[in-house]
Amino acid sequence: MVEKGRISAFQMGRMIYLAITPTAILTTPAITFKFAKQDMWISPIWAFCGLITLYAVFRLHAIYPGRNIVQACEAVIGRLPGKLLGALFLLYYLYLIGIILREYGEFVVGSFLFTTPLIVVSGSMVLVCAIAVRGGVEIVGRFAELLLPAFVTLFLFIIIPIIPDLRVPNMFPIMANGITPSLAGAFVLQTWFSELISASFLLPLVADQKKAKTSVLIALLMIVLTLVVANLATLMLLGDITGGYTYPFLILARYINLAEFFTHLEAIFMAIWVLGAFVKICVFFYVTVLGAAQWMNLSDYRPIVFPIGLLVTLSSMWVAPDLQKLTFSISTSVTFSAMTMFVIVPMLLLCLAWVQKRWRGTAAKG
Amino acid sequence: MDATKRKAVFALFFLSVHALCLTGCWDRTEVNDLAIITAAGLDLTEDQQLELSVKIYLTSSSSTPQMGGFSSPNSGGAGLSVVRSATGLTVADAASKLQQLISRKVFWGQDEVFIFGERLSRQGFVEPIEFLMRHPGPRERSNVFVSKGMAKDVLQLAPPIERSIADSLRKMAKLQTGLNITMKELAQMMGGKAKAAVLPMVEIKPREASQDAFAFINGSAVLKNGKMVGRMNKVATRGLMWLRDEIEYGTVTVSPENAGGNVSFQLRRSHTKLVPHIRGDDWSIEVRVETWDDIVENATDLDLSVPKHIEQLRTALEADIRQRTEMALAQAQKEWNADVFQFADAFYRKYPKEWNRNKDRWDAIFPKVKVRVEARSVISRPGLIGKSPLIPNQR
Amino acid sequence: MKWTAVLGIAALLALMAAYEWPKTKGKKEKTAFAAIAVLGGLLASWLVFYPETPGPTQCLDALYKPLVKMIENLTQERSG
């Protein structure tokens with residue numbers, strides 16, 4: 001086994017939660033509003049891709065225990081096609097992590113550190129993540145475990161002081177045009193939900209397998225809950241102009257003024273965000289590295305961490321020429337490609353594997 | 001042993017390198033290098049240029065009080081400030097020209113007050129608001145005002161009670177003698193369905209004998225489609241605030257029939273609810289106002305410990321509320337056709353389909369909306385005395 | 001200026017190698033490291049000189065163009 005470390009089911013749940021939520025609360029409220037208007041808080045509930053992906057992950061793991069999806073590819077469709085598909089998968093992960101890193105960098109530079117070059121911000125994050133990833137899955141798991149309470153506390157620290165300024169009428173009329181607006185708003189969220197595929201890579205490494213399923217499902221529930229709360233708060237504060245801002249949740253943090261004492265809390269938002277992004281990038285980075293090491297049949301993934309880190313940084317610079325294009329792509333082609341790679345492909349693999357199993361089963365019997 | 005030592009060295013090296021980066025090297029600015037703006041004013045000059053004036057708060061370690069340029073020679077209160085102005089084609093343009101006049105980097109983070117001059121307001125607001133929303137510096141929670149005359153003149157004032165004119169205006173807004181509108185709320189109103197907005201107006205009470213000039217909030221500016229179209233006086237503003245559910249403090253004086261005097265109430269709590277109705281082509285709104293008041297002064301010959309009299313007072317109070325709101329309504333509906341009460345939103349929330357069908361005709365519908373004000377007041381307490389020992393013959 | 005960037009990249013690669021090379025046991029691992037590092041270095045240098053090279057996003061955008069157009073039409077109808 002390339003990775004000798006093991007994580008607990010609990011840690012895996014936390015890793016998954018932090019692997020999805022931070023960037024989701026950053027940019028999605030604005031995009032969701034454009035499609036769903038005042039139903040935007042209902043959108044996160046339509047987490048279809050999350051459920052489908054998780055189903056595929058767990059069933060595949062049941063058929064091929066101990067293997068993640070890249071390894072399962074080879075078993076299901078043969079060595080050469082499997083290797084090709086696996087490579088495509090890993091390249092897509094590299095692409096996605098580039099987008100995530102770019103999103104992170106653009107936010108930090110655009111809202112706080114205007115003159116700092118993007119590469120400094122991205123590069124330093126990659127460096128720190130590389131060091132963590134090099135330590136192994138246990139390190140990343142422990143980080144997630146450690147940082148989750150901090151993330152949740154800071155999140156509440158932003159939501160609770162803003163309550164006096166929230167206007168409930170902003171959320172009416174509910175479902176005026178039926179389900180369609182919230183579904184349309186949910187479209188872009190499917191990218192994030194399909195990122196649950198990362199569970200496939202973590203599942204083989206969980207020590208207490210029985211609890212893994214519950215842990216991940218709870219994580220999904222928490223993700224949906226967090227997004228609903230974030231969207232609802234943003235909607236109730238900003239109302240009609242929610243879609244105008246690129247980072248509505250940041251505006252929320254800036255608006256807090258409790259007793260003239262709790263003000264200028266956007267620094268807290270930045271803190272949540274960096275913490276969250278750190279864990280997210282660590283998880284994705286780790287998955288990429290582990291997947292690559294297994295694909296190349298290496299005995300250890302540690303040597304390739306830094307070179308892949310370089311590729312990741314490059315990927316983030318290369319994915320889009322500017323922020324507008326990035327946002328546009330995220331709300332369109334990235335959603336499609338994520339659904340293809342992370343939902344459709346795993347389901348197809350699952351179907352094939354299932355058919356194969358039955359076929360082999362009957363062949364063995366017959 | 002050797003490997004661990006090397007690891008330790010590397011670890012320390014990485015950490016120290018990162019410590020350098022923690023301060024955000026590129027974007028670092030020392031506090032001494034910042035010009036902290038507490039209030040900003042925008043005016044339109046004679047030749048249609050935007051003039052941006054800012055009030056810079058001088059931290060104690062900086063210069064001596066007297067400075068040349070456009071400063072106010074008198075520093076009231078504890079803080080020292082200075083006013084600088086520059087003109088430009090856009091707000092950002094003016095801001096950059098302003099930077100040329102100041103030795104420190106202009107810092108918007110503490111700017112809590114924006115004042116728009118009257119001439120600029122009549123010309124149009126949209127451009128400056130665009131800047132304020134887009135630029136990451138100015139804050140969404142800052143208060144916005146319209147000034148009678150030039151905003152620059154308001155900034156020059158140095159009121160005695162507070163540290164700066166910014167604090168002074170902001171606190172007055174908070175006291176809700178007039179409206180209290182933040183930038184976010186203004187943006188919402190302007191971008192909302194009604195396309196109409198209101199802002200508190202600031203007026204300068206000129207210098208009198210032994211008293212310096214000071215600024216106070218008097219009335220409101222009514223905006224339609226981003227331009228100022230009219231002004232509401234204090235009384236109408238109160239009516240406006242009733243309808244917008246923004247009344248928090250206030251004293252109401254009524255003169256009940258056959259009472260031979262006045263009674264004054266202090267408002268303790270108030271709640272306004274807008275209930276829209278659409279019946280065919282008839283659009284109407286029912287305004288339900290509920291207030292809780294205490295009596296603070298009784299100069300009538302009514303004995304207020306008698307419940308029947310309280311009833312009488314209640315009726316008078318409710319009539320008063322109705323009168324004020326109707327004044328505001330008349331002005332908004334008939335004079336300016338500006339839906340400053342956000343009736344549009346109320347209709348949308350309850351009747352989304354009808355609203356979507358008619359939203360382009362709102363300008364035609366709004367003046368015809370029938371508004372019925374129903375006030376219900378509860379007089380909670382008569383203050384500390386019941387039957388006044390000072391006025392004889394109270395019945 | 002651009003050449004300094006390339007030098008910087010080379011320096012970075014050298015640093016990585018200096019740290020990792022002695023540690024990696026196994027020929028396979030060493031080759032993997034070298035391959036990815038060199039690939040990274042080449043790509044980085046290429047992007048220094050031609051930053052406008054279309055990236056994977058453009059490729060995927062082109063691939064999914066028809067679907068994107070469909071979505072755009074749907075949203076135009078509703079939000080208009």
Side-chain angles (χ1 to χ4, degrees), chain A residues 34-37 91-92 94-96 98-99 102 119 123 127 130 134 177 180-181 184 187-188 243 289 292-293 295-321 325-326 328-341, chain C residues 5 8-10 12-48 50-72 74-79:
Chain A
K34 290 206 185 91
F35 291 105
K37 297 282 187 296
L91 283 173
Y92 189 74
L94 197 60
Y95 169 67
L96 202 65
I99 293 201
R102 180 65 178 268
I119 198 163
L127 186 60
R134 219 170 164 286
N177 294 324
T180 330
F187 177 68
V188 72
V289 166
W295 189 80
M296 295 191 271
N297 289 326
L298 297 178
S299 66
D300 187 10
Y301 60 83
R302 295 209 318 259
I304 57 172
V305 170
F306 284 115
I308 291 194
L310 178 62
L311 283 178
V312 165
T313 321
L314 287 175
S315 176
S316 80
M317 307 301 287
W318 202 22
V319 288
K325 191 95 206 331
L326 183 71
F328 180 71
S329 297
I330 292 179
S331 42
T332 51
S333 64
V334 173
T335 315
F336 282 122
S337 49
M339 288 205 285
T340 320
M341 292 299 298
Chain C
I9 295 169
L12 194 65
L13 287 177
L15 258 173
M16 282 202 285
Y19 181 67
E20 293 281 11
W21 202 266
K23 285 217 180 154
T24 35
K25 319 166 190 76
K27 193 146 178 294
K28 217 177 192 184
E29 286 72 25
K30 279 188 168 16
T31 17
F33 173 86
I36 302 183
V38 167
L39 177 67
L42 286 172
L43 188 62
S45 314
W46 177 269
L47 284 177
V48 165
Y50 302 103
E52 292 297 312
T53 327
T57 325
Q58 277 90 322
C59 179
L60 285 171
D61 272 346
L63 198 66
Y64 286 100
K65 213 170 173 138
L67 281 171
V68 173
K69 273 221 144 40
M70 199 172 72
I71 296 281
E72 261 177 22
L74 281 173
T75 47
Q76 289 293 27
E77 282 164 24
R78 250 182 336 93
S79 65

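Here is the naming used below: chain letters follow the sequence lines, and residue numbers restart at 1 for every chain.
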Q: Give, as side chain, backbone, both or neither, the part of Leu63(C) having an atom under 4.5 angstrom from any heavy atom of chain A.
A: neither
Q: In terms of ring plane angle, is the pair Tyr19(C) and Phe306(A) parallel, tilted or perpendicular, where the classes change at 30° and 60°?
A: perpendicular
Q: Working to the nearest 0.5 angstrom, can you tell me the gap between Ile36(C) CD1 and Ile308(A) CD1?
A: 4.5 Å
Q: Give a yes or no on this: more than 12 heavy atoms of other residues, nucleotides or ligands lie within 6.0 Å of atom NZ of Lys30(C).
A: yes
Q: Nearest heavy-atom pair of Ala32(C) and Leu298(A): which atoms, and what distance?
A: CB-CD1, 3.7 Å
Q: Could you tell me which portion of Leu60(C) (side chain, backbone, both or neither) has an atom closer than 4.5 angstrom to a non-hydrogen atom of chain A?
A: both
Q: Drop me the distance from Leu13(C)'s CG to Leu310(A)'s CG, to the nearest 0.5 angstrom.
A: 6.0 Å
Q: Highest number of heavy-atom pairs under 4.5 Å with chain C: which of Met296(A), Arg134(A), Met317(A), Arg302(A)?
A: Arg134(A)
Q: Take a 6.0 Å sphere around CG of Leu47(C) and say whether it holds more than 12 heavy atoms from other residues, nucleotides or ligands.
A: yes
Q: In terms of heavy-atom proximity below 4.5 Å to chain C, should Leu91(A) be classed as side chain, backbone, both, or neither?
A: neither
Q: Top residue by heavy-atom pair count (under 4.5 Å) with chain C, among Leu326(A), Leu314(A), Ile304(A)?
A: Leu314(A)
Q: Quick check: closest heavy atoms across Ala37(C) and Pro307(A), and the distance to 0.1 Å?
A: N-CB, 3.8 Å
